[in-house]
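Here's the structure we're looking at; comments come further down.
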Amino acid sequence: MRKKLIAGNWKMYKTDEEAGRLASGIADGFDGSDKADVLLCPPFTSIKTVVEVVEDSPIFVGGQNMGWEKEGAFTGEISPEMLLTLGCEYVILGHSERRQYFSESDQLIGKKCQLALSLGLKPIVCVGEQLEEREADKTEEIIRTQVEGFSAEVDYSRVEEIVIAYEPVWAIGTGKTATPDQAVEVHKLIRKIWKEKYDKQIADGLQILYGGSVKPENSDDLLGEEEIDGALIGGASLSKDKFLKIISSAT
Ligand code: PGA
């Protein structure tokens with residue numbers, strides 16, 4: 001059985017001091033579990049603090065994004081090695097906010113994914129359709145384009161390290177959540193695409209997270225689904241109590 005992953009994406013919230021306090025509260029409330037891993041993705045400015053705070057706990061730390069080259073003259077960017085040497089093990093790539101506000105394409109996201117994998121950083125690659133696309137019955141086409149688009153840039157030998165997060169854009173930060181059935185349907189589609197592209201064993205091993213207004217009120221139902229291998233959580237991950245409750249749904 002696949003282990004679940006509960007990941008908090010703090011986005012552009014929390015000063016360094018606030019981030020340390022939140023991480024400390026979460027570390028106090030989570031002792032580890034064989035059913036779920038826990039990951040915190042603070043802003044870059046607090047990664048060092050959060051790594052230090054969770055050092056003696058089983059909690060993982062990750063970046064919310066990274067640059068597409070190993071290093072270079074890219075003002076404002078962060079390299080994968082900078083994340084790794086601070087203690088990160090994961091990186092979120094291609095979040096819909098990166099696609100929308102920073103024009104990230106599937107190809108660029110794939111390039112970042114390949115770079116992360118080649119250096120030993122586990123990528124969580126986000127895919128998801130917009131509301132108009134779902135209403136126009138284009139969910140399958142969009143998901144297929146995104147999954148095939150980014151994975152075309154990735155070496156076969158490394159695909160087993162990839163985590164995919166299905167995040168319907170209409171559910172992110174809106175309070176609207178996909179029903180467990182809606183999420184499961186797309187997770188199955190992603191697994192099917194992975195099987196077509198690679199093989200059954202690789203597809204069966206793929207961890208697929210759901211993201212989009214996951215909160216204590218819906219986490220039991222969503223995480224109760226065998227097909228949902230965890231959650232990527234924005235808003236509710238900023239509250240220690242809410243995040244710990246969601247973790248308990250997975251464990
Ligand atoms: P949300 O964000 O939980 O606030 O909807 C999810 C995400 O953007 O990863």
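Worth saying up front: this structure is predicted, and the values here are computed from it rather than measured. One-based numbering, in listed order, for ligands and for the atoms of each.
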Protein residues near ligand 1, heavy-atom distance below 4.0 Å?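 N9, K11, H95, E167, A171, I172, G173, G212, S213, L232, I233, G234, G235.
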
Short side-chain donor-acceptor distance under 3.5 Å, W170 and E129: yes

Any donor-acceptor pair under 3.5 Å linking the side-chain atoms of E167 with those of H95? yes

K111/E69 ion pair, N-O < 4.0 Å: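 Salt bridge flag = yes for E69 with K111.
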
Restricting to pairs with a member in residues 38-63, which pass salt bridge (Lys or Arg N to Asp or Glu O under 4.0 Å), not counting sequence neighbours?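 Sorted pair list: K48-E52.
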
Parallel under 30°, tilted from 30 to 60°, perpendicular over 60°: which one fits the rings of Y166 and H187? perpendicular

Member of K3, R191, K4, K35 meeting the salt bridge (Lys or Arg N to Asp or Glu O under 4.0 Å) criterion with D229: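 When K3, R191, K4, K35 are each tested with D229, the salt bridge (Lys or Arg N to Asp or Glu O under 4.0 Å) holds only for R191.
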
